[in-house]
Participant: 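Handing you a structure now.
Bear in mind that the values here come from a model prediction, so they are computed numbers and not experimental data. Numbered from 1 within each chain, the chains take letters A, B, ... in sequence-line order.
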Amino acid sequence: MARKILCVAEKPSIAKSVAQHLSGGQFNTHSIGGNAFIKNYEFDFNFSPPWGQCSVIMTSVVGHLTGLEFAQEYRKWNACAPGQLFDAPVETGVDKDKKAIAANITSQAKYARALFIWTDCDREGEHIGSEVRQAAFEGNRTIEVKRAQFSNTEREHIIRAAQNPINLDDLQVNAVAARTELDLRLGAAFTRFQTLTLQTMGGDLQDRIISYGSCQFPTLGFVVDRYFRVQKFVPEKFWSIKVMHKREDMEVTFSWRRHRLFDRASVVTMFERCLTACIAKVTKLQKKPTSKWRPLPLTTVELQKLGSMYLRIDSQRVMKIAEELYNKGWISYPRTETDTFDKGMDLKKLIEKQGQDQAWGGYALTLLRGGFKQPRGGRHNDQAHPPIHPVNYVAPSSLADDERRVYEFVVRRFLACCSEDAKGESTTVEIQYGDEAFSANGLIVLERNYLDVYPYEKWTSSQPLPKFSLNETFEPTEANVTEGETTAQGYLTEPELISLMDANGIGTDATMAEHIAKIKEREYVMTQPRAGSAQTNGTTSRGGRGGRVVRGGSSARGGGGGGGSVQQFIPTTLGVALIEGYNGIGLETSLGKPFLRKEMEIKMKEICAGTTSRNDFVHETLEQYREIFVRTQQQAGVLKAVSDCITFA
DNA sequence: GCAAGGTC
């Protein structure tokens, strides 16, 4: 009886670190023919019963092994009417460039008693596990299949996972299979239909692909939605009362509790009552400690948002750079939803490695000498990867420019997480003046703490307030009515777009940047720099009616560092026409809205919970989209309008 | 020539 166990991870890097932990560093490495990345690691390990001491082959795949395709006779664009793709037969096949990897698993399985699957513990990982299982069955019908449950690659954790295997969860496998089938059928059907129809209408759309995808369309929808809100915005005038007082050579501005009103006559009346009263009285005086919280451990979505906010690098490029840094071993796996560090992780060891840096090394050392605080924990955990953090030190001078900036950000963010919150003292003075209440705020920063290593955030002491005492009365130095106007929100920026996608479940942390790049490539949207923008700390005040307040005509936006300006997304005529076309069809669920994708996400969770079956879900969803498809065909005018827009624009 | 999901 062969005492051999085959282990397969989702990616080469995991196979390697698992092999290192289980073997204690004693393993042989074999290359496989046909793929330069995959290695087979060979060693012995003592598993829990019934397996006991076994020889192990640890290898990996590189993500999915297989893909879903239409049967051969439906692959040509003119082979069938696009509508037939709703029911056309589909088949699963091993991707061309994955044949050698599948063959490796098939042949290794022949001599193995059991297969241990070490793919990531998320839905896609479960499905990849089922693809691995299938490849193993091709070589060995009776191989026993288990799955290791792990959420990081720490030694103890990995050994525990090896000794407590569970079973593959076929419910999760089914959920992913359903999504795959729907994305293929709907994507291909609508893409071919739109593209072919618009081609026959002539105009400038001859050689373009007018693609539809369950993620790219809602992404486009967000851009178009904001565009129209900006276009339709009507500015409104508002008025406010400002009170100033000079004391001890300091000028204090009190702001009105009512903030602002949209009726000038009322404001003037109230203001006159203040003047009549003449005297203001201090009604409340409060000093209290306040703090600014250190940031949460870094997730992919945050990295993408902050990359474009702080570093002005777009999300796709940030991800590409992060992947390179990961592949070189400088930072941890950059695709993670987790914003909590595992309790068992040795964070101090990671901080120590940063001690040698010229810029932040000194700060890292102060953390080790007592400044260290266990990071805050967020509410997200994908059970597969830790938050993004530096794993090794690399001298910034040896990195390319943007690479250096991303690495520095990851390091500084990590050190900030492990620091104490910033501490300050806030003072509030409230006064009664006539019938109106006003207040002034002062802040003194006492300890900067994490802010010393995290220059991306600002927290500055305001001008200190002069002394006031409770119930004292005084005559304000100056008071007047100010006038302002609400201004429209800007067009959508990339961080805003990513937030919307995240909140609506459009795409995954690993693919959001791709969807954004896709709608640019299709020329559904374009980006342009926002005029007059500079780096902000995300503290822009917003007006109550959707607009940003510009007081007395002068913009509150300050300077600040940062290269370049914020990019904003503007839909092209084509993008607008597509979304408007589908919104105008009159069905409640438009292709341009995020609801359908959101529902898909909910249904996938139901499949995982066992309350919905894969078949029911696929059929119901197909029927739902078929109605939209049929209606779109009937109302050819919808797409005709798109064509006209483009031709005569 | 289509999608979205993995990863290199």
Side-chain angles (χ1 to χ4, degrees), chain A residues 9-16 35-39 60-70 74-80 82 84-86 88 90 92 94-95 97-98 100-101 119-120 122-132 172-173 175-199 205-219 300 319-320 322-324 326-328 333-335 382 384-385 501 505-519 521-522 591 596-597 600-601 604 621 625:
Chain A
E10 184 165 322
K11 39 190 165 279
S13 61
I14 297 284
K16 188 171 185 183
N35 190 300
F37 300 103
I38 307 286
K39 302 273 184 290
S60 79
V61 288
V62 268
H64 286 285
L65 262 184
T66 63
L68 194 66
E69 270 189 313
F70 290 107
Y74 293 87
R75 286 182 206 168
K76 281 223 158 55
W77 276 47
N78 285 309
C80 67
Q84 282 185 270
L85 299 176
F86 280 88
V90 288
T92 300
V94 175
D95 296 344
D97 53 341
K98 308 288 175 63
I101 303 173
T119 49
D120 294 353
D122 51 29
R123 270 194 324 231
E124 295 294 333
E126 216 64 16
H127 192 272
I128 294 168
S130 78
E131 297 166 35
V132 170
Q172 289 187 61
V173 174
V176 172
R179 178 204 47 78
T180 306
E181 184 177 343
L182 288 170
D183 281 338
L184 174 67
R185 290 188 186 283
L186 301 174
F190 279 98
T191 299
R192 287 189 199 177
F193 170 68
Q194 288 177 168
T195 306
L196 296 173
T197 307
L198 286 168
Q199 267 172 11
L205 298 172
Q206 287 305 325
D207 300 314
R208 306 162 80 139
I209 297 165
I210 314 295
S211 64
Y212 165 79
S214 60
C215 288
Q216 48 178 278
F217 251 53
T219 304
T300 306
M319 285 313 289
K320 195 168 168 280
E323 262 154 42
E324 284 164 10
Y326 160 71
N327 286 326
K328 290 178 190 160
Y333 192 60
R335 289 186 279 270
D382 59 18
H385 308 283
M501 294 173 75
I506 307 300
T508 68
D509 47 12
T511 60
M512 281 181 206
E514 289 174 32
H515 299 313
I516 295 173
K518 179 72 78 182
I519 61 173
E521 180 194 328
R522 296 279 188 247
L591 288 193
L596 285 169
R597 181 70 203 195
M600 196 146 138
E601 194 59 31
M604 282 172 78
T621 309
Y625 277 77

Participant: Would you indicate which nucleotide in B:dA3, B:dC8, B:dG5 comes nearest to any side-chain atom of A:Asp183?
Facilitator: B:dA3
Participant: Side-chain N or O of A:Thr511 versus OP1/OP2 of B:dG5: is the shortest distance under 4.0 Å?
Facilitator: yes
Participant: Ignoring backbone atoms, establish whether A:Arg522 has a side-chain N or O less than 4.0 Å from OP1 or OP2 of B:dA3.
Facilitator: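 So the side chain of A:Arg522 is within the cut-off, an N or O lying under 4.0 Å from OP1 or OP2 of B:dA3.
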Participant: Should A:Ser211 be listed as having a side-chain N or O under 4.0 Å from OP1 or OP2 of B:dA3?
Facilitator: yes
Participant: Do A:Tyr333 and A:Ser13 have side-chain atoms, one donor and one acceptor, less than 3.5 Å apart?
Facilitator: no
Participant: As a quick check of understanding, evaluate side chain to side chain contact (heavy atoms under 4.5 Å, CB included) for A:Met501 and A:Thr219, giving each step before the final call.
Facilitator: CA-CA 7 Å; A:Met501 294 173 75; A:Thr219 304; 3.4 Å; yes
Participant: As a test of reading the structure: which of B:dG5, B:dC2, B:dC8 is closest to the side chain of A:His64, going by heavy atoms?
Facilitator: B:dG5
Participant: Testing the 3.5 Å rule here: is there a donor-acceptor pair between the side chains of A:Ser214 and A:Arg597?
Facilitator: yes
Participant: Using only heavy-atom distances, determine whether the side chains of A:Asp120 and A:His385 contain a donor-acceptor pair under 3.5 Å.
Facilitator: yes
Participant: Can you tell me which nucleotide in B:dA3, B:dG6, B:dC8 comes closest to the side chain of A:Glu10?
Facilitator: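 Per side-chain heavy atoms of A:Glu10, the pick is B:dG6.
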Participant: Return the stacking result for B:dC8 and A:Phe37: yes when the ring centres lie under 5.5 Å apart and the planes under 30°, no otherwise.
Facilitator: yes
Participant: OP1, OP2 of B:dA4 versus side-chain N and O of A:Gln216: anything below 4.0 Å?
Facilitator: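 Looking at the OP1 and OP2 atoms of B:dA4, one of them is under 4.0 Å from a side-chain N or O of A:Gln216.
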Participant: Has A:Tyr333 got a side-chain N or O lying under 4.0 Å from the OP1 or OP2 atom of B:dT7?
Facilitator: yes
Participant: Do any side-chain nitrogens or oxygens of A:His515 fall under 4.0 Å of OP1 or OP2 in B:dA3?
Facilitator: no
Participant: With sugar-phosphate meaning primed atoms plus P, OP1 and OP2, does A:Pro82 contact a base, only sugar-phosphate, or nothing at under 4.0 Å between heavy atoms?
Facilitator: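 It contacts nothing in the nucleic acid.
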Participant: Checking side chain to side chain contact (heavy atoms under 4.5 Å, CB included) for the pair A:Asp183/A:Met600: CA distance, chi angles, key distance, verdict?
Facilitator: CA-CA 10 Å; A:Asp183 281 338; A:Met600 196 146 138; 3.4 Å; yes
Participant: Look at A:Arg335 and B:dG6 and indicate whether a side-chain polar atom (N or O) is within less than 4.0 Å of OP1 or OP2.
Facilitator: no
Participant: In whole angstrom, give the distance that lies between atom NZ of A:Lys518 and atom P of B:dC2.
Facilitator: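 Nearest whole value for this atom pair: 7 Å.
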Participant: According to the 5.5 Å centroid and 30° plane-angle thresholds, does A:Trp77 stack upon the nucleobase of B:dG1?
Facilitator: yes
Participant: Starting the side chain at C-beta, find the nucleotide from B:dG1, B:dC2, B:dC8 nearest to A:Lys98.
Facilitator: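 Of all the options, the side chain of A:Lys98 is nearest to B:dC8.
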Participant: Has A:Thr508 got a side-chain N or O lying under 4.0 Å from the OP1 or OP2 atom of B:dG6?
Facilitator: yes
Participant: For A:Arg597, answer base if it contacts any base atom (sugar-phosphate contacts may also be present), sugar-phosphate if it contacts only those atoms, and nothing otherwise; contact means non-hydrogen atoms under 4.0 Å.
Facilitator: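 Sugar-phosphate: the residue A:Arg597, judged by heavy atoms under 4.0 Å, touches backbone atoms but no base.
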